[in-house]
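Heads up: the structure comes next, in structure tokens.
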Amino acid sequence: MSHQSAIRALHKVPATATVPNQAKSSFVFLLLDGFTHIALASAIEPLRLARDILGRDAYSWRLVSLTGAPANCSNGMTVLVDGGFAQLARGETLIVVGGPDTRRQNDARLSAQLRREAAHGVKIGSLCMGVYALARAGLLDGEECAVHWDAIEGFGEEFPEVRISRNAFLLGRRPTAPGGAVAADMMMHLIAEAHGTELATRIADQMVCNGVRSPKSQQKVSVQSRYGMRNPRLVKVLNCMEENLETPLTAQEIADIAAMSVRQTERLFARYLNTTPMNFYMQMRLEKAHSLLLQTELSVTEIAVACGYKSTSHFTKNFRAAYDVTPKKMRAVSA
């Protein structure tokens, strides 16, 4: 029995099985310096499994770097590539894979190359922080893209013309996945579009995944899971707090959302979170400020305003109390 026949028998795929698309799909993964290895591996494995299950060369892929030199991962590993980033062949899909350092990399030559490929009709997407490269090239202006939850604040400040989604991933003209294992979900949906959902389900089974996540799935775990409680009033309040960091709610507005008095709301927070509503709210705002300091070039004053502070001095005082360092010093250390 041939290898392909054995694969078909193992997965119960008849040799004469009909698939919606018999054409070969080719992907080019552009690995930016410091890219995340898990995002790349999660994207490639579904393609490999699709080939094995179908028993034919339905997918191909190659790895490239900007110069053709081996690419360094954020975890310290080095990955060999097939060559440098050059004009793609007709029908290839380009996926830009970034990492934490991509936030601060502004390569004019890369932007020009990406715009050139887009002008030639190449489908371009991104994994992890590769979305920054697409945005800097202007390829996401007016488009909706999925951005990692930890980078949303900074990304939104830097690229106000881009429509940001908190979804697990997005398909369409510019497929985007914020990174990690969700890259596999995005690729399995692309495979399902070409070959049907049954194949994607079999791939998920082979990867020991509990099904394929929908693009509408959220990136972060729910408020209930995050804070270990399920009180519906408190969940509603915390969600509203997260949505109103720039213009903070008052204690009375928070109580109104909970449909309780201010005192009852304070007791609710004390019982489940061991703090007061306003202290918890302040910590949320300071966490946002912390992210903006590390992710953007916004001034301390601009960050203070974005986090609901009318006074820079008040913001600095609260930030130093929470992190034992001033905002300016934290930025200097992280630069």
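As the structure is a computational prediction, the values presented were derived from the model and not from experiment. Throughout, numbering of the chain's residues begins at 1 and tracks the sequence.
A salt bridge is defined here as a Lys NZ or Arg NE, NH1 or NH2 lying under 4.0 Å from an Asp or Glu carboxylate O, and D150 with R103 meets this definition. In summary, E144 and R174 do not engage in a salt bridge, as defined by a charged side-chain N under 4.0 Å from a carboxylate O. Between E266 and R263 there is no salt bridge, since none of the side-chain N atoms of the basic residue sits less than 4.0 Å from a carboxylate O of the acidic one. Ion pairing between a basic and an acidic side chain is recognised when a charged N comes within 4.0 Å of a carboxylate O; E143 and R163 show no such pairing.
At a threshold of 4.5 Å between non-hydrogen side-chain atoms, the residues C73 and T36 do not count as touching. The closest side-chain heavy-atom distance from L273 to L234 is below 4.5 Å. Looking at heavy atoms from C-beta onward, C128 lies out of side-chain contact with F35 at the 4.5 angstrom threshold. Under the 4.5 Å side-chain criterion, counting only non-hydrogen atoms from C-beta, V162 is in contact with F155. Side chains of L63 and L40 form a contact here, defined as non-hydrogen atoms less than 4.5 Å apart. T93 is not listed as a side-chain neighbour of V122, based on a closest heavy-atom distance of 4.5 Å or more. Between R136 and E158 there is a side-chain heavy-atom pair separated by less than 4.5 Å. The shortest side-chain heavy-atom distance between L31 and V64 does not fall under the 4.5 Å cut-off.
In this structure a side-chain-to-backbone donor-acceptor pair under 3.5 Å is missing from Q283 to F280. Between the side chain of S65 and the backbone N or O of A69 there is at least one donor-acceptor pair closer than 3.5 Å. When atom types are taken as modelled, the side chain of R233 and the backbone of A258 share a donor-acceptor pair closer than 3.5 angstrom. Panel note: side chain D141, backbone E161; no donor-acceptor pair is recorded below 3.5 Å.
At most 12 non-hydrogen atoms from other residues, nucleotides or ligands lie less than 6.0 angstrom from CZ of R320. Crowding of R271 atom CZ: a count of heavy atoms from other residues, nucleotides or ligands under 6.0 Å not exceeding 12. Taking a 6.0 Å sphere around CD of E302, one finds it holds more than 12 heavy atoms contributed by other residues, nucleotides or ligands.
Taking CE of M282 as the reference point, atom CZ of F319 lies at 12.0 Å (rounded to 0.5 Å). Atoms CD and NZ, from E246 and K288 in turn, are 5.0 Å apart once rounded to the nearest 0.5 Å. Note that the CG atom of L66 and the CZ atom of R109 stand 8.0 Å from one another [nearest 0.5 Å]. The CG atom of L298 sits 5.0 Å away from atom CD of E157, with the distance rounded to the nearest 0.5 Å. In this structure, CG on L94 lies 6.5 Å from CG on L114, to the nearest 0.5 angstrom. Between K317 atom NZ and T312 atom OG1 the span is 14.5 Å, to the nearest 0.5 Å.
Donor-acceptor pairing under 3.5 Å is lacking for the side chains of S126 and T176. Defined by atom type and a distance below 3.5 Å, a donor-acceptor pair is missing between the side-chain atoms of T201 and E198. A donor and an acceptor atom, one from each side chain of Q252 and D256, are located under 3.5 Å apart. For the 3.5 Å distance criterion, the side chains of S299 and T301 fail to qualify, holding no donor opposite an acceptor.
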*Could you go through the side chain to side chain contact (heavy atoms under 4.5 Å, CB included) check for V96 and F85 one step at a time?*
CA-CA 11 Å; V96 182; F85 182 31; over 6 Å; no
*asked:* For E242 and L238: C-alpha separation, side-chain torsions, deciding distance, then whether side chain to side chain contact (heavy atoms under 4.5 Å, CB included) applies.
replied: CA-CA 6 Å; E242 286 188 339; L238 294 179; 5.7 Å; no
*Evaluation steps, side chain to side chain contact (heavy atoms under 4.5 Å, CB included), between L30 and L110*: CA-CA 11 Å; L30 172 57; L110 170 60; 3.8 Å; yes
*Evaluate side chain to side chain contact (heavy atoms under 4.5 Å, CB included) for L286 paired with F315, printing each intermediate quantity in order.*
CA-CA 8 Å; L286 291 174; F315 163 62; 4.2 Å; yes
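Pairing each heavy atom of H290 with each of M330, the nearest pair is CD2-SD, 3.2 Å. Pairing each heavy atom of R331 with each of T296, the nearest pair is NH2-O, 3.0 Å. Residues L170 and M186 approach most closely at O-SD, 4.1 Å, considering heavy atoms. When all heavy atoms of A177 and V182 are compared, the pair lying nearest together is CB-CG1, 4.1 Å. Heavy-atom minimum distance, Q105 versus L32: OE1-CB, 4.4 Å. Across all their heavy atoms, I303 and L293 have their closest contact at CD1-CD2, 3.5 Å.
In terms of hydrophobic clustering, with Ile, Leu, Val, Met, Phe, Trp and Tyr side chains grouped at heavy-atom distances under 4.5 Å, V262 and V237 are assigned to different clusters. By the rule that hydrophobic residues join a cluster once side-chain heavy atoms approach within less than 4.5 Å of another member, M241 and Y272 end up as members of one cluster. L171 and L127 fall within a single hydrophobic cluster, where Ile, Leu, Val, Met, Phe, Trp and Tyr side chains are chained together by heavy-atom contacts under 4.5 Å. Residues V81 and W61 fall within the same hydrophobic cluster, defined by Ile, Leu, Val, Met, Phe, Trp and Tyr side chains chained together at heavy-atom separations under 4.5 Å. By the rule that hydrophobic residues join a cluster once side-chain heavy atoms approach within less than 4.5 Å of another member, I191 and L49 end up as members of one cluster.
Residue N244 is tested with I257, N239, L249 for a side chain to side chain contact (heavy atoms under 4.5 Å, CB included); the sole match is L249.
Relative ring orientation between F29 and F27 is described as parallel, the plane-to-plane angle staying below 30° on a 0-90° scale split at 30° and 60°.
Annotation: Y59 is in aromatic contact with H195 [ring centroid separation under 6.0 Å]. Aromatic ring centres of H189 and F169: separated by under 6.0 Å.
For the pair R285 and Y309, the cation-pi criterion (under 6.0 Å, within 45° of the ring axis) is fulfilled.
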